[in-house]
Number of protein chains: 2
Amino acid sequence: MKAIRPAWDEGTKKRLIDAAGKVFARHGFRAATIREICKCANAAVSAVNYHFGDKKGLYLAVFEYCNRRAIEKYPHDLGLDSEATAEERLRVFIRSFLLRGLGDGFPAWHEKLIAQEVADPSGIFGKVAETAIRPMDEYLEKVIREFLRKENSAQEPDVCLVELCRMNVIGQCIFQIHIRQLMPLAATKILEPAQITAIADLIFQFSVGGIRAIAAGR
Amino acid sequence: MKAIRPAWDEGTKKRLIDAAGKVFARHGFRAATIREICKCANAAVSAVNYHFGDKKGLYLAVFEYCNRRAIEKYPHDLGLDSEATAEERLRVFIRSFLLRGLGDGFPAWHEKLIAQEVADPSGIFGKVAETAIRPMDEYLEKVIREFLRKENSAQEPDVCLVELCRMNVIGQCIFQIHIRQLMPLAATKILEPAQITAIADLIFQFSVGGIRAIAAGR
DNA sequence: GACAGTTTCAAACAGTTGTTATAAATATTA
DNA sequence: TAATATTTATAACAACTGTTTGAAACTGTC
């Protein structure tokens, strides 16, 4: 029996990562099946175990790949001048977050995979939190602390308030991403970068108002 | 012939609903297994099919039960005076949302189940959206529209801005619920109503500042 | 007691899951 | 070319999935 290898073959390993990203993002670790992934990747079921050991190995590989590429493509500061104000850094942070979550292809998986981990943790969340979430949190924390300090006449802001503001900003971004990935119509239509920037700027406006209100304390 | 049907709150049926709520909330529809639910409810596996037809029937029953009880216990206005200002209604809406999501027992499942549906839709989302999400959305929409109208000297606010504000408020609430359900320490410790109110009021403060900033348009 | 309706339980069903053993196909090197 | 290592394909494995079966155990009424 002559096996037919597709001409567009650019390596089973790469195709598996791509397919697994799609399927894991859609169903989460538990509900995703190796067979669906392999069918999606035009590969045999045994390919997963050969290249990645087991299902969890593939999952980790996908996470590492997405995380690395997403931050590489859309870093938190989007190459902003390091002398930029806290306000400007916040605006850009929100834009980068939305670009990662609403863009086409693998960057969108990144946020969706994290969402799946939040919904039904698979046990690797600790590792993910360290490499993907922690650095982002610390970056945003610094930005917001600086912002609040300026608003509050250089007085060191309350830790709880900083955390609350950080959560609120992230919450808004994540909700936007989820709601737009969920809507059946939006699923087919990818948002243009300009549209994403527009949404990001509105969230920025809202957040600045919110942070100022928290800083004012009433 | 009068069939002797046990009260809804008694017997295996009730225990199954309780157990299924817990397991579905933790793992989602696909990844949850009937056997885990039945073990949790001290029931035989066939009990599910006897009482609810199939897995999906149980899932729907859980959703209906949670939804009804959660809104019953914490309605959107928490019994507020119907003459209350939009600002006060918003404050109370946020508090009721957090109480539903962070309280003990079944109210907490409610939001978690919706989150699971968002993460990996099981096909019944249309039904859920109609009965659980749509009414909440419309209530909040009215509140925010009224708020914006007052801020903007009775001028009818832009539809997109109303929607954005609504999403941002919901996003903040949902994120708070998720993050607190995720943290391993918080899982054991249930928040006191007073603590929940405190968090809700901070989100309210933040949101009011945000909405005002959006209304001001800069 | 006997009887009929309702509910439980253990066992088994067919289908799917992750994983693996083995052989075939391909790539690499001498 | 031949020999070797790497990669892919097939089929099977045991464990688990939702569901069904049929017999037992209840329930209340006569």
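Note that the structure is predicted; figures quoted are calculated from it, not measured. Lettering of chains follows the sequences in order, A, B, ..., and the numbering in each one begins at 1.
The nearest whole Å value for the distance from the NZ atom in A:K14 to the C1' atom in D:dT7 is 19 Å. Look at NZ on B:K56: it is 15 Å from C1' on D:dT19, rounded to the nearest Å. Rounded to an integer number of Å, the gap from A:H27 NE2 to C:dT17 P is 11 Å. The interatomic distance linking A:N49 (CG) with D:dA9 (P) rounds to 14 Å, in whole Å. One interatomic measurement links the two molecules: OH of A:Y59 to P of C:dT17, which rounds to 18 Å at whole-angstrom precision. For the pair A:N42 CG and D:dA9 P, the computed distance is 9 Å after rounding to whole Å. In this structure, A:I34 atom CD1 and D:dA11 atom P are separated by 19 Å, rounded to whole Å. The nearest whole Å value for the distance from the CZ atom in A:F52 to the C1' atom in C:dT19 is 16 Å.
Considering all non-hydrogen atoms of both residues, A:V208 and A:F147 come closest at CG1-CZ, 4.0 Å.
The side chain of B:S46 approaches D:dT20 more closely than any other nucleotide in the set D:dT20, D:dT10, C:dG18. Looking at the side chain of B:K55, the nearest of the listed nucleotides C:dC9, D:dG18, C:dG18 is D:dG18. For B:R35, the side-chain atoms get nearest to D:dT19 when compared with the rest of D:dA9, C:dT19, D:dT19.
Contact annotation for B:A47: no contact, since no heavy-atom pair falls under 4.0 Å across all strands. Counting non-hydrogen atoms under 4.0 angstrom, A:A32 reaches the backbone sugars and phosphates but no base.
Salt-bridge annotation for A:K22 and A:D18: absent, with no side-chain N of the basic residue lying under 4.0 Å from a carboxylate O of the acidic one. A salt bridge links B:R145 and B:E141; the closest N-O separation between the charged side-chain nitrogens and carboxylate oxygens is under 4.0 Å. The pair B:R91-B:E88 meets the salt-bridge criterion, since a charged nitrogen lies less than 4.0 angstrom from a carboxylate oxygen.
Each of A:Y50 and A:V45 has a nearest nucleotide on DNA chain D; the 5'-most of these lies closest to A:Y50.
Between A:H51 and D:dT8, a side-chain N or O to OP1/OP2 separation shorter than 4.0 Å is present.
Counting non-hydrogen atoms of other residues, nucleotides and ligands closer than 6.0 Å to CD of A:E64 gives a total of 12 or fewer.
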